[in-house]
Number of protein chains: 2
Amino acid sequence: MEMKSVTRSLRILEAVAQHQPVTVGELTRLFGLPKSTVQRTLVTLNEAGWLRANRKDTTRWEIGARVLAVRPAALQGSSLFAAAREPMIRLRDTLNETIHLSVPDALQCMVVVDRVDCTHAVRTFYAIGDTSPLHATATGRAILAHLPKADVDELVERGLESFSEATPTDPARLRAELDRLRADGYSVNRNQYRPDVCAVAAAILDEGGTPLAAVAVSMPDSRYEAERLPEIGRLVADTAKEIAARRAGA
Amino acid sequence: MEMKSVTRSLRILEAVAQHQPVTVGELTRLFGLPKSTVQRTLVTLNEAGWLRANRKDTTRWEIGARVLAVRPAALQGSSLFAAAREPMIRLRDTLNETIHLSVPDALQCMVVVDRVDCTHAVRTFYAIGDTSPLHATATGRAILAHLPKADVDELVERGLESFSEATPTDPARLRAELDRLRADGYSVNRNQYRPDVCAVAAAILDEGGTPLAAVAVSMPDSRYEAERLPEIGRLVADTAKEIAARRAGA
DNA sequence: TTCACCCGTGCCACAATGTGGAACGCCGTG
DNA sequence: CACGGCGTTCCACATTGTGGCACGGGTGAA
């Protein structure tokens, strides 16, 4: 399948999002495309309502608001999103660490959909929309642990990429870890994906036991204390359960 | 400018967002396009990461997570978004009415970017991503009041569409209303856009006095009490100021 | 002032690209 | 068993996007 113009337009749209407000020239240099091609694409995206000219410098382009109506199903009607908000803030207040809400995207990756920051000067940073691998993160494994075995097999067959020395690349080790976290109710990631980033996560399940999302407490390795793990794990698991209950009640 | 395929692809993407999870057939009926055209578009959008097949029914399509990384500048880094969250919740707790956060989109419309619900059985409903006209809403006028006169002129020249008997379609009346709200610090909309929906809003300004967004308390007409207006107006204006201060401090 | 440079924009002949009717294989139903 | 509807695939055609080029304006150096 081709649709070169569509693919290119979406790439340009993504580039605008990253560099906004951005000019035609900057984009031509970024992509190495003819000016007229980029220009035409921008005008088209603008007419479709996905871009708009910056009000102060009308030769610069920004993302328009049309995009906000286009969201993954898990966030539509914001039942999950809204239900998660207050429990997340409360968890942040209890621990003063950054809290993330992530959803799985087609077993390919986890995507950060919401964040509540801590007040420490040193804090972990993920932007909304950032992605991470399922097998190497606390949120990813929290989801995996509640999926059918066939899905885990599928993931294993695709290969467990290594991101650091701590990444669980051995299928047996991954499966053992999933068994453990099913028992404990929370998953732990210590420097397995990004160096110096640790997290404790728990899955948010729907009525049928399908995992919809995961909440995670995320902190730099310097503040990770193994002896507090059971306490933090319980707090995260309770938060996940509370979110699930609120969502169901809405 | 044309780019028919791009325009159509974006339309289809928006339709998927509204109807997800959706099949090829449903979309062909919706648009009256040939099956092969829709099919090709969906595959292309999927390859670009914007769509994905539903895990349970792989012939149904959903919005993928790629979209989340594409957001208007006002929400990037989520300085505004994150700063607004807690003050909005506090305002909701005080009044127990739904609170909206909206940003202007190129003087064309206001877009709801966040929402905190009240607990009443009867509540106003706007989804995230919904748009509304600037001149006929409390949030829109809160923004307009802090823009240069030329911008208001531009809007007036484009015409003030009527949405209900209460919509201010007379330019003089609109300008008078803007003057009033600049003095009071908050704007009021009583059934001017959607019948039975009232709102009280205030603008969130950046350091230079440019309006970035507006917060609004939104309620059904049945709970609107004119005598409480000064009190509610002050609360909303204070919330807007607090959000602005938090944003600047981040 | 003049010149040179780079910007965003507009044009248009060419052919690469997307189009959509038709056909296929599959499934559940009458 | 035949039918209707589904998602998917194919391919000749011509519509559609392409990109080199040129224009006009703004800016900075000579």
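Below, chain A is the first sequence line, B the second, and so on; all start at residue 1.
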Atom-pair distance ([atom1] on [X]; [atom2] on [N]), nearest Å:
{"X": "Trp61(A)", "N": "dG8(C)", "atom1": "CH2", "atom2": "C1'", "value": "10 Å"}
{"X": "Arg40(B)", "N": "dT15(D)", "atom1": "CZ", "atom2": "C1'", "value": "13 Å"}
{"X": "Leu42(A)", "N": "dG19(D)", "atom1": "CG", "atom2": "P", "value": "15 Å"}
{"X": "Met3(A)", "N": "dT9(D)", "atom1": "CE", "atom2": "C1'", "value": "15 Å"}
{"X": "Leu27(A)", "N": "dC6(C)", "atom1": "CG", "atom2": "P", "value": "19 Å"}
{"X": "Asp57(A)", "N": "dT27(D)", "atom1": "CG", "atom2": "P", "value": "11 Å"}
{"X": "Lys35(A)", "N": "dC5(C)", "atom1": "NZ", "atom2": "P", "value": "15 Å"}
{"X": "Leu33(B)", "N": "dG18(C)", "atom1": "CG", "atom2": "P", "value": "16 Å"}

With sequence neighbours left out, the residues meeting salt bridge (charged side-chain N to carboxylate O under 4.0 Å, His left out) with Glu177(A) are Arg141(A), Arg180(A)
Pairwise distance CG(Leu10(A)) to CG(Leu45(A)) - rounded to 0.5 angstrom = 8.0 Å
Please lay out, stage by stage, how Trp61(A) and Glu26(A) fare under the test side-chain hydrogen bond (donor to acceptor under 3.5 Å, both in side chains).
-> CA-CA 11 Å; Trp61(A) 296 92; Glu26(A) 287 161 8; over 6 Å; no
Relative to the 5' end of DNA chain C, which residue comes earlier, Val24(A) or Val6(A), by the nucleotide with the nearest heavy atom?
->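 Counting from the 5' end, the first nearest nucleotide belongs to Val24(A).
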Under 3.5 Å, is there an N or O donor on one side and an acceptor on the other linking the side chain of Arg60(B) and the base of dG7(D)?
-> no
Within the modelled atom types, does a donor on one side and an acceptor on the other bring the side chain of Thr37(A) and the base of dG17(D) under 3.5 Å apart?
-> no
May I ask you to evaluate whether [X] reaches the phosphate of [N], defined as a side-chain N or O under 4.0 Å from OP1 or OP2?
{"X": "Arg29(A)", "N": "dC6(C)", "answer": "no"}
{"X": "Ser5(A)", "N": "dG18(C)", "answer": "yes"}
{"X": "Gln39(B)", "N": "dG7(D)", "answer": "no"}

Between dG18(C), dG10(C), dG21(C), which nucleotide has the shortest distance from any of its atoms to the side chain of Lys4(A)?
->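 Ranking dG18(C), dG10(C), dG21(C) by closest atom to the Lys4(A) side chain puts dG18(C) first.
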Phe81(A) side chain near Arg247(A) side chain, heavy-atom distance below 4.5 Å = no
Examine the side chains of Ser162(A) and Thr169(A) and answer whether a donor and an acceptor come within less than 3.5 Å of each other.
->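 Absent: no donor and acceptor within the cut-off.
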